[in-house]
Structures are given as structure tokens and as C-alpha cells.
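In what follows, a single structure is set out as C-alpha cells and then discussed.
Remember, predicted model here, so these are calculated numbers, not experimental data.
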Amino acid sequence: MGHRFSLGRRAGLLLPLSSVRGARGGLGSYADAGAIARWLRQGGSTLWQLLPLSEVSPGQDSPYAASSSSALEPVYIDLDSVEDLGGNLTDDERRRLDADRHDERVDFEAVRTAKRSALRRAWERFRDNELRTRGSRAREFAAFQEEHRDWLPDWALYRALHDQRLKSWRDWEPPVRDRQPEALARAREELQDAIAALSYAQWLADAQWRRGRAEANSLGVKMVGDLPFMVAEDSADVWGLQHLFRFDATVGVPPDAYSADGQDWGLPVPRWNEMREAGDPWLHTRATRAAELYDAFRVDHVVGLYRTYARPIDGSRAFFVPGEEAQQREQGERILDMLGEKGEVLAEDLGTVPDFVRQSLADIGIPGTKVLRWEVDDGVPREARAFPKISVAVTGTHDTESLWTWWEALSERDRREQLKQPFLKDLRGDARPYTDATRKALLELLYSSASDAVLTPITDALGLRDRLNTPGTVGRHNWTWRLPWKVGELDTAPAAVAAARLLTHLAERYGRVR
């Protein structure tokens, strides 16, 4: 069996890189990883949970709308660290970046436009100088391309074609859509400069992230990445391996207490048997890349690896792939074992999950997720100190409302039951308003749990009402929340200092300091 989650008893924060304000106040970057890790360490946190850093599809803000499971998102490249740019930006680029710095929320479109323009100019200088003279950096770029030849060339071709056609690969001319060798060869020749420029940006992003991760690791902070269950249909992965996906149905989830009709995510359905017969190239590439980038990774919607809920396009009856429990268990454990061979694995096993899946995770030693507010039986909270040791306890996820909002919306009965728990029963007076005492009690309840790891969304750690995402909605309120302070201000901002002091105290008290 593969490697299991063995990072020990630790505490950490969920802090998306998009929520970080860089040193100049704009969008956080890969180069900020070390500075953020120092602040996390000061707060007793040795795990940093991130949302996916995959390149997102054009026009999207969601980190789960990936156009590739291997390419990094260029919007997080630190332009000040790009040697070929020399700090020189055009007036338009500066204007767009300055506008984002003064915006309460991230303006992804403005930042992407500015960075895309600047990186294109940096590429041209690198091409005309370094590549022409075949200097040491040219050799490093060539080595990066060779190291990632299993995904980089196909991704860069896909992106160059997409930029040229501005529509899904399903709507491209048949020879290119169907990947006829002669058509692909012509496209590579025609778009060779665009392909090289895209690869160059990936080289910069990869180098900056690896330096940031190395700095964080040197401080004792481990990076926990996020492995989305699936990529978009309009993605480099699916275009490159379209014979391993079916398009007569889409991935979703079955009806449950929250949705009488279930959900349709509009994602392509993997042909799991064909993937297995082909040696699982897609899964191997994804796992290898995740292990390169992170110390551990969370497998999103893990139940989908056991059984994928397919909803036919023609509206006929939905079905699971595979269909029988024995096959489902065998498939899920086989895939998780393969992922575990590459790195430490955590499982997101929330929502409607059959008992056999959670039992399977326990049997193979992969920690599931315990959301404090959802661990109840008929309104009675389960004992946090009785959670499985091999689990990750959290106050919420990137999709949940804040602890503040949840607490104040509780019914009187549910609040009475919550107040019977350790630490919460010490709250005095009217317990309905969410106060600093409520926050401290709930965080202590989390840290006291038996779970090996605890992870707290940054908004809950700071005691804020804000949420990162509201599922089922579209708009600028999703994925764009950012910290009110710059990276360099975290050591002095009173609320950030107080939060770090509280989390350090809890980590020390409950043996989560490494």
C-alpha cells in the first residue's frame, strides 16, 4: 500500500493564496509563501492548506475550474522576481495592478491582463537574449521542459490553440479537435512562439513556487495542496486523453437532503476501465505533479473515485460507475493506493457518502474530514475527543459559511445542545451573539479533538463573518476575499497578532506543536 498521512499531530490554517495581500498590497504570489509560512509558524501552525493552484479556465475565478491538472496559475507569478522584466512595467500594466491593490476584493481580470502582457514582454527578452546566446538560464528552461514532457507540450499546444480560436476544443475544426498527427504538427509549427512563451511562464511559476515551498519547509511548515476530483471538459487533460472520457453523460451527485434533484457539475465522466487498461496515465501524471508541488494533498470528492455519479445528457436514468459495491471499493482503494505512492493523502469525504467508503478509508489508513458543526446525531454533537485519530478536524471548508454566521443562525434547541460541549458550556450570559469568547471556545473544542490534524479556515481563525465561496452562486463575491493586511503587516496588525497568540496557545496546550 502507498504512503499514508503521517505528518503527526499538527495544526494548520486554510489560507488560499488568492486571499493573501502581497508586500505591495496586491494579489499574493508564489514568492510570498515564505513570509506567510513565518506568520503561520508564529501562530503554532505547521500545516498550510491551499486551494488548487492549477491554471483556471479563461474567464473563470474558481480554482476548481481548471483547464489543466498540472499547469500552475500564472496570475500568482511575482513580476518583481522575473529577471527578464527588470521591474519595468508599462503605464497600462501599472494602472491595472494599482487598481487591484486598492480594491477590497481581488480583481482577477485586471491582474491577469497586466501579468499576461508583462510576461509576454519578458519572454521576448529571454528569447532574444538567453535563448540566442544559449546561456545557463536557457539550459535551465530546457531542463524544465524535458522534466515535464509528459504534460507541458500538450498543455501549451492546447492553450495556444485555445487563445487563437477562443472556443472549446469540442468546437475546433475536426483535424485538430480529433488530434490528427499532421494537423497537430502544423499547429505546433505555426504556434511555436506562443507555445514557448506559455512554457516559459510555467517555468517561472514552477521555480517561484518551489523556492517558496522550500522556504516554508525550512521553517517547519508543510504545504497541503488540493487535488480536484475532475477537470473541466474544456481542458488540456480531456482534449489530450479524450478516448478516456465519455461525453454522453456528465458528473454530478445524487439527490440528498439539500437537493431533491441532485447536482449536475457538467464535468466529463472518466472511463475508469479504459484508464486502468491504459496504465492510468492521467492519474499518474496528476499524482506525480501534486507530489512535486506539495507535501500532502487533499483528494476532493473522494467518493467519486469509488463511484462516479453519471447523468446522461439525454435525460435518461442516472447511474454509478462502476455499478456494484465490490467493484466500487476495489476501484477506490486501487486509485488511492496509487496516489498514496506519490505522497501523503487526505480525503474530503463530506456530503452523501456510503458507509463502506468511510470504512474503506479507515481500513487503508487515509484520514477523512470531520467538520465540527456537522458532527451531530439528531442535533446532539459528537464528542470531539472521540474522533478517529486518523482524521482531519476542521471548523469549516472553503464552501461553508463562517462560524460566526452558523452560530447565530442556530435554532434554540441546537444551540442548547452545542452549549453542553466542553468549553462551550463555560460561556456566560446570552450565548446567542457570536462573541470573541464563542470563537475561542469553538477553536479550543477543535484543537482538543482526537484528530491527528486540525485545519481552520483563516476567516474562522480571525473571527470574521466573511466566507470564501457560496456554492451554487456565481459572482464576484466568490473566491475574491482577501486579508485586510499586507504580508509585512501580519506581525504588527493587532487582530493578526492576537489570532496568532491564541492559536499558539491552543497548539501548545493540545500537543500540536512540532
If we ignore angles and hydrogens, is there a donor and acceptor under 3.5 Å between the side chains of [X] and [Y]?
X: Q202; Y: W155; result: no
X: D264; Y: Y309; result: no
X: N273; Y: E277; result: no
X: Y200; Y: D84; result: yes
X: D237; Y: S69; result: yes
X: E348; Y: T369; result: no
X: T46; Y: R10; result: yes
X: D150; Y: H284; result: no
X: T480; Y: R105; result: yes
X: E140; Y: S136; result: no
X: Q263; Y: W265; result: yes
X: N478; Y: T473; result: yes

Next item on the list: Please assess Y306 against H301 for the test ring pair (Phe, Tyr, Trp, His ring centres under 6.0 Å), listing each intermediate value before the final yes or no.
Entry: CA-CA 10 Å; Y306 284 81; H301 189 57; over 10 Å; no
Tell me whether [X] is salt-bridged to [Y], with the criterion being a basic N under 4.0 Å from an acidic carboxylate O.
X: D363; Y: R358; result: no
X: R112; Y: E73; result: yes
X: R96; Y: D92; result: yes
X: E330; Y: R276; result: yes
X: R165; Y: D171; result: no
X: R121; Y: E124; result: no

Work out which heavy atom in [X] is nearest to a heavy atom in [Y]; give both atom names and the distance.
X: L15; Y: W48; result: O-NE1, 2.8 Å
X: R101; Y: R24; result: CD-O, 3.0 Å
X: V231; Y: S68; result: CG1-C, 4.3 Å
X: F297; Y: G343; result: CE2-CA, 4.2 Å
X: L119; Y: V82; result: CD2-CG2, 4.4 Å
X: Q49; Y: L455; result: OE1-CD1, 3.3 Å

Please round to the nearest 0.5 Å and tell me the distance separating atom [atom1] of [X] and atom [atom2] of [Y].
X: R159; Y: S67; atom1: CZ; atom2: OG; value: 5.5 Å
X: L166; Y: D163; atom1: CG; atom2: CG; value: 7.0 Å
X: D154; Y: R179; atom1: CG; atom2: CZ; value: 4.0 Å
X: T395; Y: K370; atom1: OG1; atom2: NZ; value: 16.0 Å
X: D226; Y: L14; atom1: CG; atom2: CG; value: 9.0 Å
X: E215; Y: I36; atom1: CD; atom2: CD1; value: 11.0 Å

Does [atom1] belonging to [X] count more than 12 external heavy atoms closer than 6.0 Å?
X: D91; atom1: CG; result: no
X: D355; atom1: CG; result: no
X: R127; atom1: CZ; result: yes

The single option from K342, R334, R271 that satisfies salt bridge (Lys or Arg N to Asp or Glu O under 4.0 Å) with D280 is R334
>> Checking S199 against F141 for the side chain to side chain contact (heavy atoms under 4.5 Å, CB included) test, could you report, in this order, the C-alpha distance in whole Å, the side-chain angles of both residues, the deciding distance, and whether it holds?
In response: CA-CA 9 Å; S199 301; F141 178 44; 4.0 Å; yes
Full working for side-chain hydrogen bond (donor to acceptor under 3.5 Å, both in side chains) between D193 and W123:
CA-CA 10 Å; D193 191 65; W123 155 250; 3.2 Å; yes
Listed pairs under 3.5 Å, donor-acceptor, residues 317-325 side chains, sequence neighbours left out:
none

| task | State whether the side chain of Q180 and the backbone N or O of E182 hold a donor-acceptor pair below 3.5 Å, judged by distance alone. | result | no
request  = Kindly say whether E233 contributes a backbone atom to a donor-acceptor pair with the side chain of W239 at under 3.5 angstrom?
outcome  = no
Practice prompt. Test K115 against Y76 for side chain to side chain contact (heavy atoms under 4.5 Å, CB included), laying out the working first.
Written response: CA-CA 9 Å; K115 291 194 175 182; Y76 298 119; 5.8 Å; no
Determine whether E292 and R289 satisfy the following criterion, salt bridge (charged side-chain N to carboxylate O under 4.0 Å, His left out), listing intermediate values before the conclusion. CA-CA 5 Å; E292 287 176 0; R289 185 65 171 146; 2.8 Å; yes
Q. Could you walk me through whether W481 and I458 pass the side chain to side chain contact (heavy atoms under 4.5 Å, CB included) check?
A. CA-CA 11 Å; W481 179 84; I458 183 65; 3.7 Å; yes
Query raised in the report: When you look at R311 and D261, which way does the salt bridge (charged side-chain N to carboxylate O under 4.0 Å, His left out) test go after all the steps?
Result: CA-CA 11 Å; R311 303 171 63 110; D261 298 322; over 6 Å; no
Sorted by chain and residue number, the side chain to side chain contact (heavy atoms under 4.5 Å, CB included) partners of A187 (sequence neighbours excluded) come out as L157, L161
Chi angles and distances behind the salt bridge (charged side-chain N to carboxylate O under 4.0 Å, His left out) call for D107, R482:
CA-CA 11 Å; D107 186 345; R482 64 198 339 174; over 6 Å; no
Checklist line | Check against side chain to side chain contact (heavy atoms under 4.5 Å, CB included), L13 and L47 | finding: CA-CA 7 Å; L13 293 181; L47 295 175; over 6 Å; no
Q) Do W151 and Y158 pass the ring pair (Phe, Tyr, Trp, His ring centres under 6.0 Å) test, and can you show the C-alpha distance, the side-chain angles, and the key distance before you say yes or no? A) CA-CA 11 Å; W151 65 267; Y158 162 84; over 10 Å; no
Trace of the ring pair (Phe, Tyr, Trp, His ring centres under 6.0 Å) decision for Y64 with F229:
CA-CA 9 Å; Y64 292 92; F229 167 64; over 10 Å; no
### Message
Run the side-chain hydrogen bond (donor to acceptor under 3.5 Å, both in side chains) test on H162 and D234 for me, step by step, so that the C-alpha distance in whole Å, both residues' side-chain angles and the decisive distance to 0.1 Å come before the verdict.
### Response
CA-CA 10 Å; H162 208 287; D234 187 15; 2.7 Å; yes
With sequence neighbours left out, the residues meeting ring-ring contact (aromatic ring centres under 6.0 Å, His included) with W282 are F245
